[in-house]
Amino acid sequence: MRTVIGLEIHVQLKTRTKLFCGCSADYFAAPPNTLTCPVCLGMPGALPVLNRRAVELALRVALALGARVQEISRFDRKNYFYPDLPKGYQITQREFPLALGGALRFRVDDEERTVRVREMHLEEDAGKLIHTDDGARVDMNRCGVPLIEIVTEPDIRSPKEAREFLRALRTLLRHLRVSDADMEKGELRCDANISISVDGTMGTKTEIKNLNSFRAVERALAAEEERQRALLSRGGTVEQVTFGWDEHAGRLVLQRAKEEAHDYRYFPEPDLVPLVVTREWLERVEREMPELPWEREERFVREYGLSGKDAGILIEEPARADYYEEVVRACGDPGEAAGWVLSEILSYWKGESPPIGAEALGRLITAVRSGKISRTNAKEALEEAIASGRDPLEIVEERGLSLLSDEEELRRVAEEVVAENPKAVEDFRAGKKQAIGFLVGQAMRKTKGRADAKRLSRIFLEILGAN
Ligand SMILES: [Zn+2]
């Protein structure tokens, strides 16, 4: 038995205005029904005009996926009745989508995977129904916001792989600057279909709608995979049905059976001319493409000598990759910069902006490299700097965290440690070289981490007459 998964992904494009009118597309925090006009409210006689910018952002995605952009694509009406759809139809592309083919490569547990894309098209979003205790309300602000729909081939082999594919797609969309692709805000949404193939024979597909987090994608698919496998093992048959996913309860919710399938009565949109993407236009979009995530990852390995794994984590978010490069410029040491960003900064980085400026971190790293401060104390200062918003070097200064540079003082501390730890000294003399480590540790404790361990080690060896 083999699991076969395909995804349909909706991505909200980051345009200033909606797909067919001049209303603002920045609806997320706007009061309900304030971003509307006759076009997006579907008033009789109002005519749509295609947003050129939305097409260009969609083309960026198509080019990055290596898809074949169609010179001529066309819009269709998808008819259905729903309170958040004032026109009674959605403008989408069905017969002649914007782009065909393409693929996305990504890693799952260090294994390289490729999922092919079947097609990609442009469409408008619907409004929103808001359910309250005293009934449902409708907000039309989202009506007409531009989306691309990306349909994959059924190349995904496990729920986890589906999650990682989506993650890689989000990284790509963010690097392309076409969408913030925030699943919580609904800027990236996913429907999944899944079947189990037995002895090479394709199974019956079921669909899971509106998955709005990576966790939901993986959990819902795992639940359905298990259900189908158990059913088939018992000799049962899978029915073609559609589920929703109740994230809170962690279970699938049956939405409709096959006989209830919609007939959307698609027909060509008569109010829009076919979309023609000329070679010149496409070439211009290609010239303006931002650096792709895998190109950037490769450059990080080549230019900064990072491991593929570290580079991969840094490029996951473009803001993270930008920050890393700023820290490199500020301290001049790509390896150290990667170490600090990956092991310290990421755990504090919660919102959109980094927890501490790249310049300030760069100066702290420089202070560690030049031996002015120990790594341990630098980390302590960093933690305090992040909590207080102050400069870490100022904290180092104020709390006297910089390293003791006075040889006399270090020697005095070492002699004290030797006097207080006769057992360790005896061990050392009996040939247990690791006893030095214990003595250095004691001296570090006495100096509150303000000594250089290598230097202390040399001093101990001198005192104990070992060199
Ligand atoms: Zn409008």
Side-chain angles (χ1 to χ4, degrees), residues 9-61 73-94 96-98 120-132 135-150 173 176-189 210 212 264-277 281 285:
I9 300 133
H10 286 95
V11 181
Q12 189 188 308
L13 296 174
K14 207 174 168 177
T15 53
R16 203 170 48 77
T17 56
K18 294 185 180 180
L19 189 54
F20 299 116
C21 63
C23 293
S24 168
D26 191 13
Y27 67 88
F28 193 73
N33 299 306
T34 53
L35 308 175
T36 60
C37 74
V39 173
C40 55
L41 287 179
M43 299 292 180
L47 291 173
V49 178
L50 182 60
N51 181 336
R52 191 179 171 87
R53 183 69 183 157
V55 178
E56 288 178 351
L57 296 183
L59 290 175
R60 265 191 205 172
V61 180
S73 63
R74 212 181 61 190
F75 289 93
D76 298 291
R77 286 188 183 180
K78 177 182 181 179
N79 298 282
Y80 66 97
F81 175 77
Y82 207 69
D84 66 5
L85 191 75
K87 291 202 293 283
Y89 60 86
Q90 177 196 24
I91 303 178
T92 179
Q93 297 188 300
R94 180 174 160 95
F96 301 94
L98 182 67
M120 201 193 95
H121 63 254
L122 271 166
E123 63 184 32
E124 60 177 343
D125 209 344
K128 265 182 177 176
L129 271 189
I130 300 151
H131 297 276
T132 63
R137 288 158 193 218
V138 67
D139 176 9
M140 303 297 190
N141 282 349
R142 203 177 64 180
C143 285
V145 164
L147 302 175
I148 48 172
E149 181 172 337
I150 299 169
L173 295 165
L176 291 174
R177 314 281 196 265
V178 301
S179 176
D180 291 334
D182 189 337
M183 289 193 90
E184 272 176 29
K185 288 185 181 170
E187 293 162 345
L188 178 64
R189 284 170 259 164
N210 289 321
N212 50 20
Y264 293 114
R265 295 175 297 116
Y266 285 93
F267 65 85
E269 165 61 59
D271 291 340
L272 286 163
V273 293
L275 168 57
V276 179
V277 180
W281 192 12
V285 172

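One-based numbering, in listed order, for ligands and for the atoms of each. Here the structure is a predicted model, which means the values were calculated and not measured.
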Quiz item: Is there a donor-acceptor contact under 3.5 Å from the side chain of Arg94 to the main chain of Asp76?
Solution: no
Quiz item: Ignoring hydrogens and geometry, is there a side-chain-to-backbone donor-acceptor pair from Gln90 to Lys78 under 3.5 Å?
Solution: no
Quiz item: Distance below 2.8 Å from the Zn ion (ligand 1): how many protein N/O/S atoms qualify?
Solution: 4
Quiz item: Would you call the rings of Tyr80 and Tyr82 parallel, tilted or perpendicular if under 30° counts as parallel and over 60° as perpendicular?
Solution: tilted
Practice problem: Using the side chain to side chain donor-acceptor pair (under 3.5 Å) rule, collect all pairs that involve residues 18-39, keeping only residues at least two apart or in two chains. | Solution: Gln12-Tyr27
Practice problem: Flag the pair Arg52 and Glu56 as a salt bridge only when some basic side-chain nitrogen lies within less than 4.0 angstrom of an acidic carboxylate oxygen. | Solution: yes
Quiz prompt | Interatomic spacing from CG in Leu122 to CG in Leu50 - rounded to 0.5 Å | solution = 7.0 Å
